[in-house]
There are 4 protein chains.
Amino acid sequence: MKQSPRVLGRPRHDENAKPTKDIVLETATRLFIKEGYKNVSMDDVAKACNVTKATIYYYYPTKGELYTSALIAMMDRIKLSILQILEQSKPFKERLEQLVEIHLSATIDIDMKNFMKEAAINLSEDQLSQVHASENRMYQTIERAMEMEMDKGTIRKGNSTFFAHTFMALMSVGYFKDGDGNRLFQTEAIAAKEIVEFFWLSVQV
Amino acid sequence: MKQSPRVLGRPRHDENAKPTKDIVLETATRLFIKEGYKNVSMDDVAKACNVTKATIYYYYPTKGELYTSALIAMMDRIKLSILQILEQSKPFKERLEQLVEIHLSATIDIDMKNFMKEAAINLSEDQLSQVHASENRMYQTIERAMEMEMDKGTIRKGNSTFFAHTFMALMSVGYFKDGDGNRLFQTEAIAAKEIVEFFWLSVQV
Amino acid sequence: MKQSPRVLGRPRHDENAKPTKDIVLETATRLFIKEGYKNVSMDDVAKACNVTKATIYYYYPTKGELYTSALIAMMDRIKLSILQILEQSKPFKERLEQLVEIHLSATIDIDMKNFMKEAAINLSEDQLSQVHASENRMYQTIERAMEMEMDKGTIRKGNSTFFAHTFMALMSVGYFKDGDGNRLFQTEAIAAKEIVEFFWLSVQV
Amino acid sequence: MKQSPRVLGRPRHDENAKPTKDIVLETATRLFIKEGYKNVSMDDVAKACNVTKATIYYYYPTKGELYTSALIAMMDRIKLSILQILEQSKPFKERLEQLVEIHLSATIDIDMKNFMKEAAINLSEDQLSQVHASENRMYQTIERAMEMEMDKGTIRKGNSTFFAHTFMALMSVGYFKDGDGNRLFQTEAIAAKEIVEFFWLSVQV
DNA sequence: TATGAATGAGCATTCATTCAT
DNA sequence: TATGAATGAATGCTCATTCAT
């Protein structure tokens with residue numbers, strides 16, 4: 001399929017069009033999540049954005065930088081979504097269920113461990129530490145919520161970091177598909193209920 | 001430059017080395033686990049084996065085939081190790097603790113999800129289904145043990161597949177390292193105890 | 001990051017900077033001399049000038065044109081400096097010594113042959129002939145001085161073009177650095193004396 | 001023009017065919033001399049050799065390495081040719097004339113300074129020092145000849161390194177072409193005579 | 001006068017794979 | 001059984017140049 005041909009030089013400006021830089025970041029994020037760092041080429045990103053590779057490089061000086069930006073943007077978005085959900089006034093257990101359900105419903109499998117491994121292998125030390133900082137901020141959002149509930153007596157006292165990680169690990173079970181592509185539970189709602197119930201049994205007072 | 005590693009014990013026949021095919025598979029497995037499919041080239045494998053690329057191709061017709069074989073061999077080995085540990089006559093909880101401790105002690109982070117994702121992206125349908133079958137065999141080993149303990153009344157009745165996956169997911173929490181490279185727990189033994197305790201609270205009768 | 005360099009003296013009008021076009025040419029000249037045509041990108045020039053690439057193109061339509069202008073400006077400046085030195089009333093030999101010393105003292109190695117080769121490879125025919133003309137003017141300045149001294153009987157009669165080229169070639173010996181970065185002579189003054197002495201032995205009556 | 005298509009895999013071996021590695025080096029040397037480091041792409045070399053780029057990389061791991069090898073091979077060849085000429089039993093002046101004539105007759109302009117500058121800009125420190133060593137060996141061949149003639153009393157006592165460099169610099173005058181492509185002298189033989197005569201006037205006892 | 005945004009072609013390098021020996 | 005020599009396609013990245021503003 002032929003791409004719509006583009007003209008040289010600065011394109012005429014179109015109001016209500018998203019800035020190219022944002023399009024690139026969003027597209028790249030989507031591709032990286034689906035296929036991983038090494039399976040996405042800068043050309044792939046460019047084609048998916050309907051611009052040329054050089055345009056990508058105009059905004060992101062290296063592939064590593066683009067990946068770094070994509071990861072950070074993604075983690076910050078997740079952090080925000082976690083925050084919004086956990087800040088509600090519903091019972092904690094219900095908030096957790098909503099959190100799991102929403103994340104399982106996002107078609108893409110957000111696998112933090114995987115991202116961090118690819119980051120560790122492919123990024124520079126500096127880029128990696130930025131990504132680590134972002135990962136930290138994300139986990140801390142959950143940790144703080146856990147600590148608040150411990151104080152309120154909703155859940156038992158314990159290592160909040162450990163709780164945050166076990167929660168995220170359990171959530172990832174909901175993504176599992178067997179060889180035939182079937183998930184463990186029929187709907188995300190059921191998966192969410194079961195997963196949180198499992199978590200709850202371990203953390204209740 | 002690395003020299004070819006020699007094996008201990010009485011060498012077979014009058015030769016003093018493992019069959020090349022085995023060396024290749026072991027080396028490749030190690031590299032794939034550490035760096036992932038795309039970050040390991042056939043040349044890397046060849047160099048690490050002290051043979052030429054063509055030799056690798058003599059035994060494994062494509063890189064995908066080599067990865068498939070490596071994954072299957074790895075999962076089968078893990079399955080065996082799980083089996084040996086779970087077959088003992090110790091209390092179930094202690095066996096689980098030993099299982100976690102042993103896997104956390106193996107320096108390499110065995111991240112199943114990651115392997116399966118790389119497999120899904122890079123392997124042919126046929127290769128992928130072989131890998132899935134192998135993954136299944138591995139999980140089923142744990143499932144069967146869970147079912148036996150349910151029957152014995154050691155743990156509560158529940159979805160054994162779900163239990164197997166939650167258990168593996170929780171185990172992976174033990175691998176987590178923060179930005180400074182610090183783990184959540186000081187020793188593997190402590191990590192194992194805490195992780196199994198967390199699991200146990202959810203599955204006890 | 002480098003800041004835009006400011007010039008000494010009274011600024012023209014109420015602005016305090018040299019015209020951009022001149023800054024570009026001077027900066028480009030410096031870079032081309034140090035690194036050669038292909039090793040200097042338009043972006044390099046732009047960055048070194050603290051303006052954007054598009055600004056460079058506003059004044060110089062192509063890189064070739066910029067190189068042409070830079071070479072011509074440089075050769076004209078050298079021609080002028082040669083003229084000023086040779087026009088003095090000191091003995092010819094002393095003037096030659098001063099000429100050599102001054103050029104060796106300019107930190108940068110002015111290698112005509114090199115510039116002309118890069119010009120021949122990278123410039124258009126028209127640009128190249130402009131550069132050749134400029135080179136000619138430069139050599140002719142020396143040739144004419146040689147002819148005057150032949151007439152005066154200071155040096156022997158001979159092919160003045162040949163003399164001009166041998167003189168410049170001998171001068172370039174003063175730039176030579178060995179592998180450790182050491183020059184053949186300790187100071188430019190000594191180098192100048194030795195080089196002119198060598199030349200003089202060949203051209204004296 | 002289409003290239004003769006090549007087949008995959010190892011080509012059938014042909015006796016009396018030069019090894020590919022040698023063809024690559026010779027071709028690359030020729031191209032680098034004519035056009036300089038940056039103006040010759042690995043693809044250019046490949047096409048000129050009628051092989052693919054990957055073949056070039058099979059023998060030379062980087063472009064810098066290829067350039068290094070090419071320069072060293074060239075300088076060693078020149079050193080040898082100098083040696084052979086200077087070792088003859090003819091009068092020294094005649095040997096020098098032959099040396100100049102032979103080098104001017106080789107169509108390509110061997111410009112050491114140029115090569116060394118490109119090397120300095122583009123090569124790694126290690127590669128550069130190899131090239132410097134080779135350059136040294138070449139100059140030393142001339143220096144030693146100069147020293148022998150000083151001892152014999154054929155030429156005056158002086159700094160042999162300086163003499164070697166002035167000699168090479170004067171030789172390069174013979175390559176000069178003006179804007180119309182005309183050389184200073186009508187034949188290489190005449191050029192050689194004039195150049196050596198100029199040198200001789202400075203070094204004679 | 002000066003810039004920001006974009007292109008298209010090229011470049012060094014890598015890599016899975018092939019094949020005669 | 002194992003290798004040496006070669007390919008073709010991709011990949012990350014650079015660069016001269018263009019054009020609307």
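In what follows, chains carry the letters A, B, and so on, assigned in the order in which the sequence lines appear, proteins first and then strands, with residues in each chain numbered from 1.
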* Rounded interatomic separation in angstrom, taking CG from Asp43(D) and P from dT14(E) -> 15 Å
* Asked: Which listed nucleotide (dT3(E), dA12(E), dT7(E)) is nearest to the side chain of Thr52(C)?
  -> dT3(E)
* Structure fact -> Paired to dA20(E) by Watson-Crick or G-U wobble criteria (both distances under 3.5 Å) is dT3(F)
* Nucleotide dC15(F), atom P - distance to OH of Tyr60(C) in whole Å -> 21 Å
* Nearest-0.5 Å distance, CE of residue Met74(C) to CD of residue Glu135(C) -> 9.5 Å
* Asked: Which whole-number value in Å describes the distance from Asn39(A) CG to dT11(F) C1'?
  -> 13 Å
* To do: For the pair Phe32(D) and Tyr67(D), name the ring-plane relationship: parallel under 30°, tilted 30 to 60°, perpendicular over 60°.
  => perpendicular
* Separation of Lys47(B) atom NZ from dG4(F) atom C1', in whole Å? -> 15 Å
* To do: Indicate whether OP1 or OP2 belonging to dA16(F) is found under 4.0 Å from a side-chain N or O atom of Thr62(C).
  => no
* Figure out the CG/P separation between Leu66(D) and dT13(E), and round it to whole Å. => 10 Å
* To do: Pick base, sugar-phosphate or nothing for Ser41(B), based on heavy-atom distances below 4.0 Å to the nucleic acid.
  => sugar-phosphate
* Rounded interatomic separation in angstrom, taking CG from Leu123(A) and P from dG12(F) -> 13 Å
* Given that Asp44(A) and Gly64(C) both sit by DNA chain F, which one's nearest nucleotide is further toward the 5' end? -> Asp44(A)
* Mind calculating the distance between CZ (Phe32(D)) and P (dA12(E)) to the nearest angstrom? => 9 Å
* May I ask you to evaluate whether Thr20(D) reaches the phosphate of dA5(F), defined as a side-chain N or O under 4.0 Å from OP1 or OP2? => no
* To do: Please work out if Val40(C) contacts a base, only the sugar-phosphate, or nothing of the nucleic acid, heavy-atom cut-off 4.0 Å.
  => sugar-phosphate
* Between Met42(D) (CE) and dA12(E) (C1'), how many Å, whole number? -> 7 Å
* Is any side-chain N or O of Tyr58(C) closer than 4.0 Å to OP1 or OP2 of dA2(E)? -> no
* Structure fact -> Closest to the 5' end of DNA chain F, once Lys53(C) and Tyr37(A) are matched to their nearest nucleotides, is Tyr37(A)
* Structure fact -> All heavy atoms of Val40(A) vs all of Lys63(A), minimum pair found to be O-NZ, 2.8 Å
* Thr55(A) side chain, from C-beta outward: closest of dT7(E), dG10(E), dA16(E) -> dT7(E)
* Structure fact -> Nearest heavy-atom contact between Ile56(A) and Met42(A) is CG2-CE, 3.7 Å
* Between Tyr57(B) and Ile56(C), which has a closest nucleotide on DNA chain E that is more 5'? -> Ile56(C)
* To do: Report which part of the nucleic acid Tyr59(D) touches: base, sugar-phosphate, or nothing (heavy-atom distance under 4.0 Å, all strands).
  => sugar-phosphate
* Asked: So which one's nearest nucleotide on DNA chain E is more toward 5', Lys21(A) or Ala54(D)?
  -> Lys21(A)
* Structure fact -> Closest non-hydrogen atoms of Glu118(B) and Lys38(B), given as atom of the first, atom of the second and distance, are OE2-N, 4.2 Å
* Asked: Between Val45(C) and Thr27(C), what is the shortest heavy-atom contact and its length?
  -> O-CG2, 4.4 Å
